[in-house]
2 protein chains.
Amino acid sequence: MRRDADEREFLAAYDPHAYAPVAVTVDVVAMTIRAREPLVLLVRRGASPQKGRWALPGGFVRAEDGPRGPADPDLPDAALRVLAEKTALPTTLHLEQLGTYGARGRDPRMRVFSVAYMLLAPDLPDPEQGRDTAEAAWVPWRDLGHGGTARYEPAFDHARIIADAVERARAKLEYTSLATAFLPPVFTITDLREVYEAVWDRSLHAANFHRKILAAPGFVRDTGELADRGGSGGGRRPRLYRAGGTAALHPPLLRSAP
Amino acid sequence: MRRDADEREFLAAYDPHAYAPVAVTVDVVAMTIRAREPLVLLVRRGASPQKGRWALPGGFVRAEDGPRGPADPDLPDAALRVLAEKTALPTTLHLEQLGTYGARGRDPRMRVFSVAYMLLAPDLPDPEQGRDTAEAAWVPWRDLGHGGTARYEPAFDHARIIADAVERARAKLEYTSLATAFLPPVFTITDLREVYEAVWDRSLHAANFHRKILAAPGFVRDTGELADRGGSGGGRRPRLYRAGGTAALHPPLLRSAP
DNA sequence: ACAAAAGTGTTGTATATACACCCATGC
DNA sequence: GCATGGGTGTATATACAACACTTTTGT
């Protein structure tokens, strides 16, 4: 009995419905920071199952051109499309694939494979500005799942997906320049430090952080300009920087220090 | 026009064939090290398209129970199943999701989403011992793709997937204890160093490496035993260690040193 | 005896931390 | 002036790379 993968693929090409139908969706963990608080975008489900629960913005990948619109050329396009239906997209953003979740039974209707994306962006507008009228909200990470007073209990396995995204973001801040994705094009070293402090939920030594950032080649580029004014209660005008384009940090910034 | 994701999901539940059919496959980048040479498992395609080209072992995810066998409960189960059809599986292995590739046109027959897995294992047997009779081979990383005398030119976008896996493995050796996944349960520090040297393709200072490993908490656990004998040409009998169970390394081992 | 491999000691250099301090600005 | 925040200097502790050296084994 020689019935290997290639033969099966061949059969499938001529009779696609010979297999149990599967669905592929994208779910987006959109993250931003507002007033030193890291947030994730959730939408309230308007249909069963899990109607009324909060969930990640997502939707089916458009495999081929059809009445609903053209096909998504690739998975990142699908991620941006479904997110654009919920909120206005920023001009600068970081989009990265998190992983695919496909356990049997994670959706009660059929076998659904969800490709999760993580999107990082500077302070996004409130979701009411999006094209879709479904209820949506920016939710603080700390209000999610992990016991206690969980105001938002995500649907399906979305709590798990968000937890994976949070851990990915925390880890990548150590050894990449990902933190700049949470900031506008021009920022100060203090802005950058506040990103780290918000994501890691710990305070960092400001003076040493400053030097460490400038010592890491390619992390930031000096614009030569100063901010219009210092802090609200006085203070020197800080220098302004841009992201330097480096992906990997050498040396890394470790979050394990005392 | 209110036609949001939830409604679409709802429709799909009642008429799955209303959507263009899509396929979900798993492809496994199985890696091992033999005689200090990192290898990846490839199989020769027996059917068109790309008949005769080398490709990653893979196959369709079984969404539901059917005549070919029971459904795969989750994606990792599918990855292990398709790999078991090509080679004998080791008792200890590390399996990790790499990413999902779903660009339109990557398979000429239909829209295929491939969930790629990376599998790391100690020196695996030759694939002839697998249940499947298709031609398969362990191929050195250096013989793949990147220009020159490419004896093996992978099918579809598999060269890209392998390159992503190699880079993932190289990076994770820096800040996790992943290297032990290439070794049997009991090993010496020199064995561990040779894993790093093979994967990074550079030599490391033996004495300093030794101390660094022992200084990283939880990387290895001393068994208290010594190897039966030293090297072939003489030498002290090395201590034997087991993997220590730690995932993250503090401090990391950086590959950027001179 | 000799070579080979494991493992330890030592030392100069680099890096990180903590703390003190100066600079510039708002009120 | 004085509080606030940006930024620099510097001593101390720590970590790392390089090299020398000792220990233990096979031939």
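Judged as a side chain to side chain donor-acceptor pair (under 3.5 Å), and not counting sequence neighbours, A:T180 has no contacts. For B:E225, there are no salt bridge (charged side-chain N to carboxylate O under 4.0 Å, His left out) partners two or more places apart in sequence or in a different chain. When the salt bridge (charged side-chain N to carboxylate O under 4.0 Å, His left out) test is applied to B:D74, no partner is found at least two apart in sequence or on another chain. Qualifying salt bridge (charged side-chain N to carboxylate O under 4.0 Å, His left out) partners for B:D164, counting only residues two or more places apart in sequence or in other chains: B:R160. Applying the side chain to side chain donor-acceptor pair (under 3.5 Å) rule to A:N208 yields the partners A:R211; only residues at least two apart in sequence or on another chain are considered. Annotation: salt bridge (charged side-chain N to carboxylate O under 4.0 Å, His left out) contacts of B:E96 (sequence neighbours excluded): B:R168, B:K172.
Straight-line distance from the CZ atom of B:F209 to the P atom of C:dA6: 12 Å, rounded to whole Å.
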Which donor-acceptor pairs under 3.5 Å do side chains of residues 182-193 of chain B form with protein atoms, sequence neighbours excluded?
residue : atom : partner : partner atom : Å
B:T188  : OG1  : B:T190  : N            : 3.4
B:T188  : OG1  : B:D191  : N            : 3.0
B:T188  : OG1  : B:D191  : OD1          : 3.4
B:T188  : OG1  : B:D191  : OD2          : 3.2
B:D191  : OD2  : B:T188  : N            : 3.0
B:R193  : NH1  : B:E197  : OE2          : 3.3

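Annotation: proximity of residues 245-253 of chain B to DNA chain C (heavy atom, distance under 4.0 Å) is found for no residue.
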Anything under 3.5 Å between a protein N or O and an N or O of nucleotides 11-13 of chain C, put it in a table, one pair a line.
none

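The ring pair (Phe, Tyr, Trp, His ring centres under 6.0 Å) pairs that include a residue from residues 236-256 of chain A number zero, where partners must be two or more places apart or lie in different chains. For residues 203-226 of chain A, the set of pairs meeting the ring pair (Phe, Tyr, Trp, His ring centres under 6.0 Å) definition, not counting sequence neighbours, comprises A:Y196-A:F209.
A sub-4.0 Å separation between OP1 or OP2 of D:dA17 and a side-chain N or O of B:K212 is present.
At least one side-chain heavy atom of A:L119 sits under 4.5 Å from a side-chain heavy atom of A:L80.
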ask   = What does nucleotides 6-12 of chain D look like as a protein-contact string, B for base, S for sugar-phosphate only, - for none, at under 4.0 angstrom between heavy atoms?
value = BSBBB--
